[in-house]
Visitor: 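To start, I am sharing the structure in question, which I have written as structure tokens.
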Amino acid sequence: MADEPWRLPNIVQELAAGVQEPPSRYLQDLAGGDQLAGAEIPEPIPTIDLGRLSGSDGADEAAKLRDILHEYTLKIKTVKNDILLALAKLLELDEDCLLNQFSDRAITTARFNYYSPCPRPDLVLGLKPHSDLCALTVLLTDKEVGGLQVLRDGTWYSVPAVRDYSLLINIGVTLEIMTNGTFRAPLHRVVTNAERERMSVAMFYAVDGEKEIEPVAELLGLKQQSARYRGIKGKDLLIGHYEHFSRGGRVVDSLKI
Ligand SMILES: O=C(O)CCC(=O)C(=O)O
Ligand SMILES: [Fe+2]
């Protein structure tokens, strides 16, 4: 596994090994920042800024990571676009109706998830139940270790690990609202594994924070449906998401009419 190019560079693992508190020189200054979740989290969570590895041996690794991530982002964007086109077609809407909801200020976020082995998977979750906030998530799953589970009709179903890297597409809350509930954002969680570490890379495709997220007018007109969700700005949905997440709920339920 160690020769896989997308694994975390050793420098980061060394930084983390045996450290109770990350050294302050690697931490992002959150004061005055727009970390919306901050108020809802009992203790601030340190955010490590990989850019601050510059000047150390990690500079090369940080540059490599940036280049790989850039290339990956360009490729995955075409997957995201194709899926949005296909979903619009399924809804019998103009093909670019969903794609057009993303302006050039739309926000794409990459999240690298690392789940270390846990001696008590019966007590500890890797990620607690949530629905993704964005419109679409493209998840590069670990090819050997499963852990992702999806809730359906009260039962958690495990998503098996698939040999070779595979992409898993998840509908997010934003798309649930835009499609007036035709596509639902599933609740999912990650369970831990006693022996094996696990990694995943999630690309979250969200809209511009200033955009009003609401059921698309074309859909309401065509199907003569009434809106099942209140409209909400992207940035307010983000605040609501973390408020509900910390209490174990789903923001989308609070928007249902
Ligand atoms: O690691 C996974 O399989 C899922 C990650 C996830 O749900 C998330 O990052 O929102
Ligand atoms: Fe998720």
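Being a predicted model, the structure only gives us computed values, none of them experimental.
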Visitor: Determine, stepwise, if the pair Tyr242 / Val251 fulfils side chain to side chain contact (heavy atoms under 4.5 Å, CB included).
Guide: CA-CA 8 Å; Tyr242 282 111; Val251 61; over 6 Å; no
Visitor: Any heavy-atom pair between the side chains of Phe183 and Leu91 that's under 4.5 Å?
Guide: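 Touching, per the 4.5 Å side-chain cut-off.
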Visitor: Which residues pass the salt bridge (charged side-chain N to carboxylate O under 4.0 Å, His left out) test with Asp122, not counting sequence neighbours?
Guide: Arg120
Visitor: Considering all heavy atoms of both residues, which atom of Gly154 and which atom of Leu151 are nearest to each other, and what is their separation?
Guide: C-CD1, 3.7 Å
Visitor: Kindly give the heavy-atom pair with the smallest separation between Ala202 and Leu139, and that separation in Å.
Guide: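 In this case the closest contact between Ala202 and Leu139 is CB-CD1, 3.6 Å.
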Visitor: Ser226 and Asn180: which non-hydrogen atoms are nearest, and at how many Å?
Guide: O-ND2, 3.1 Å
Visitor: If you compare all heavy atoms of Ser131 against all heavy atoms of Ala185, which two are closest, and at what distance to 0.1 Å?
Guide: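 Minimum heavy-atom separation between Ser131 and Ala185: OG-O, 3.3 Å.
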Visitor: Under a 4.5 Å cut-off applied to non-hydrogen side-chain atoms, are Val150 and Trp156 in contact?
Guide: no
Visitor: Same hydrophobic cluster for Leu69 and Val79, using side-chain heavy-atom links shorter than 4.5 Å among ILVMFWY?
Guide: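 Linked, Leu69 and Val79 end up in one cluster.
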Visitor: Check whether any side-chain heavy atom of Met178 lies under 4.5 Å from a side-chain heavy atom of Glu214, and answer yes or no.
Guide: no
Visitor: Can a donor-acceptor pair be found, under 3.5 Å and without considering hydrogens, that links the side chain of Arg189 to the backbone of Gln149?
Guide: no
Visitor: Hey, are Lys89 and Glu95 close enough for a salt bridge, meaning a charged N less than 4.0 Å from a carboxylate O?
Guide: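 So Lys89 pairs with Glu95 through a salt bridge.
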Visitor: Is Val138 reachable from Tyr165 through a run of hydrophobic residues whose side-chain heavy atoms are each under 4.5 Å from the next?
Guide: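 Yes; tracing contacts between hydrophobic side chains, which count when under 4.5 Å, links both residues.
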Visitor: Which heavy atom in Leu99 sits nearest to a heavy atom in Leu85, and how many Å separate them?
Guide: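 So the minimum-distance heavy-atom pair works out to CD2-CD2, 3.8 Å.
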Visitor: Enter the distance from Gln225:CD to Thr179:OG1 here, rounded to the nearest 0.5 Å.
Guide: 9.0 Å
Visitor: Any chain of hydrophobic side-chain contacts (each under 4.5 Å) joining Val190 to Ile171?
Guide: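 In one cluster: no.
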Visitor: Any non-hydrogen side-chain atom of Lys211 less than 4.5 Å from a side-chain atom of Gln101?
Guide: yes
Visitor: Would you give the length of the straight line joining atom CG of Leu140 to atom CD1 of Ile76, rounded to the nearest 0.5 angstrom?
Guide: 7.5 Å
Visitor: Would you compute the distance between atom CG of Leu98 and atom CG of Asn100 and round it to the nearest 0.5 angstrom?
Guide: 9.0 Å
Visitor: In terms of hydrophobic clusters joined by side-chain contacts under 4.5 Å, are Val162 and Val201 together?
Guide: no
Visitor: Is it the case that the side chains of Glu197 and Tyr114 hold a donor-acceptor pair, with the cut-off being a distance below 3.5 Å and no angle test?
Guide: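 Present: a donor and an acceptor within the cut-off.
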Visitor: Between the main-chain N or O of Pro160 and the side-chain N or O of Ser158, is there a donor-acceptor pair closer than 3.5 Å?
Guide: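 No: the side chain of Ser158 does not pair with the backbone of Pro160.
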Visitor: When you look at NZ of Lys75, are more than 12 heavy atoms from neighbouring residues, nucleotides or ligands closer to it than 6.0 Å?
Guide: no
Visitor: Are Leu167 and Leu136 linked, directly or through intermediate hydrophobic residues, by side-chain heavy-atom contacts shorter than 4.5 Å (ILVMFWY only)?
Guide: yes
Visitor: Would you call the rings of Phe245 and His241 parallel, tilted or perpendicular, where under 30° means parallel and over 60° means perpendicular?
Guide: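 Ring orientation, 0 to 90° scale: parallel.
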Visitor: Test of understanding: with ring pair (Phe, Tyr, Trp, His ring centres under 6.0 Å), list the residues that count as partners of His188, not counting sequence neighbours.
Guide: His130
Visitor: Please tell me if the side chains of Val207 and Ile107 come closer than 4.5 Å, counting only heavy atoms from C-beta onward.
Guide: no
Visitor: If you take all heavy atoms of Leu125 and Thr192, which pair is closest and at what distance?
Guide: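 Nearest pair, atom of Leu125 first, then Thr192: C-CG2, 3.9 Å.
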Visitor: Find the distance between CG (Leu93) and CG (Leu87) and round it off to the nearest 0.5 Å.
Guide: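 It comes to 10.0 Å.
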Visitor: Checking Lys80 against Phe102: charged group under 6.0 Å from the ring centre and within 45 degrees of the axis?
Guide: yes
Visitor: Among side-chain atoms of Asp142 and Ser200, is any donor-acceptor pair under 3.5 angstrom?
Guide: no
Visitor: Would you say Leu168 and Val159 make side-chain contact, with heavy atoms under 4.5 Å?
Guide: yes
Visitor: Mind checking what makes salt bridge (charged side-chain N to carboxylate O under 4.0 Å, His left out) contact with Arg250, not counting sequence neighbours?
Guide: Glu176, Asp253
Visitor: Apply the test side chain to side chain contact (heavy atoms under 4.5 Å, CB included) to residues Lys233 and Glu210: give CA-CA distance (whole Å), side-chain angles for both, the deciding distance (0.1 Å), then the verdict.
Guide: CA-CA 6 Å; Lys233 274 205 166 145; Glu210 292 300 328; 3.5 Å; yes
Visitor: At what distance, to the nearest 0.5 angstrom, does NZ of Lys77 lie from CE of Met203?
Guide: 10.5 Å
Visitor: According to salt bridge (charged side-chain N to carboxylate O under 4.0 Å, His left out), who are the partners of Arg66, at least two apart in sequence or on a separate chain?
Guide: none
Visitor: Hey, could you give me the CG/CG distance between Leu175 and Leu133, rounded to the nearest 0.5 Å?
Guide: 12.0 Å
Visitor: Quiz question: by atom type and distance under 3.5 Å, do the side chains of Thr141 and Ser166 form a donor-acceptor pair?
Guide: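 The answer is yes; a qualifying pair exists.
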Visitor: Carefully, step by step, assess Thr73 and Glu71 under the rule side chain to side chain contact (heavy atoms under 4.5 Å, CB included).
Guide: CA-CA 5 Å; Thr73 307; Glu71 191 187 336; over 6 Å; no
Visitor: Working note: Tyr229 + Ile257, criterion side chain to side chain contact (heavy atoms under 4.5 Å, CB included); need CA distance, chi angles, decisive distance, verdict.
Guide: CA-CA 5 Å; Tyr229 302 83; Ile257 297 175; 5.6 Å; no
Visitor: Please identify each residue that fulfils salt bridge (charged side-chain N to carboxylate O under 4.0 Å, His left out) with Arg152, with sequence neighbours left out.
Guide: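 If we apply the salt bridge (charged side-chain N to carboxylate O under 4.0 Å, His left out) test to Arg152, skipping adjacent residues, there are no hits.
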Visitor: Does some side-chain heavy atom of Val173 sit less than 4.5 Å from a side-chain heavy atom of Ile177?
Guide: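 Yes, at least one pair of side-chain atoms sits under 4.5 Å.
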Visitor: Can you sort out the partners of Asp94 under side chain to side chain donor-acceptor pair (under 3.5 Å), two or more places apart, ordered by chain and number?
Guide: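 Asp94: no side chain to side chain donor-acceptor pair (under 3.5 Å) contacts found.
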Visitor: Does the side chain of Pro186 reach to within under 4.5 Å of the side chain of Asn170, using non-hydrogen atoms?
Guide: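 Yes, side chains in contact.
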